[in-house]
Amino acid sequence: GRAFSEGLHQAIEAKENVKINEDLTPCISSMRETLLIWGDKDTATPLIDGKIFDREIKNSGLAIIKGVGHFSFVEDRYTYLKIMESYLMR
C-alpha cells in the first residue's frame with residue numbers, strides 16, 4: 001500500500017542498506033517459484049540479467065514491462081500491479 005511505497009522511497013533516497021552491483025548468482029539455486037518483473041530499459045540491472053535468472057530459477061516467470069527502467073513499479077504502476085494481481089490470483 002501507500003505506507004510501503006513511502007517507506008521504499010525513503011530507503012531509496014537515503015540509500016540505506018542498498019547494495020549496488022551485488023552478485024546474486026550464488027542465491028539462485030535456493031530460489032523457488034519466483035516472479036521476476038523487469039523493465040526493458042533497465043540500465044542498473046539489464047534485462048539480460050533477468051533472462052539469466054528466469055532460466056536458472058526453477059518455476060520462475062519473467063514479466064517484461066516495455067518502456068520502463070529499474071523502478072518499473074513506480075514508472076508504470078498500473079502494469080506492475082496488473083502483473084502482480086495476475087500472479088497472485090492464479
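The first residue in the sequence is number 1, and the count goes up from there. Because the structure is predicted, anything quoted here is derived from the model rather than measured.
- The stretch residues 37-46 participates, sequence neighbours left out, in these side chain to side chain donor-acceptor pair (under 3.5 Å) pairs: D42-H70.
- Counting heavy atoms from C-beta outward, I37 and F73 have side chains that stay 4.5 Å or more apart.
- Under the 4.5 Å side-chain heavy-atom criterion for ILVMFWY residues, no single connected hydrophobic cluster contains both I52 and L62.
- Minimum heavy-atom separation, S72 to I65: CB-CD1, 3.9 Å.
- Residue pairs meeting the salt bridge (charged side-chain N to carboxylate O under 4.0 Å, His left out) criterion with at least one partner in residues 81-90, sequence neighbours excluded, are E33-R90, K82-E85.
- At least one side-chain heavy atom of L35 sits under 4.5 Å from a side-chain heavy atom of I83.
- Residues Y80 and L88 share a hydrophobic cluster, clusters being chains of Ile/Leu/Val/Met/Phe/Trp/Tyr side chains in contact below 4.5 Å.
- Counting only residues at least two apart or on different chains, the side chain to side chain donor-acceptor pair (under 3.5 Å) pairs with a member in residues 49-69 are D54-S60.
- By the salt bridge (charged side-chain N to carboxylate O under 4.0 Å, His left out) test, R32 is found to be paired with no residue, residues two or more places apart in sequence or in another chain being considered.
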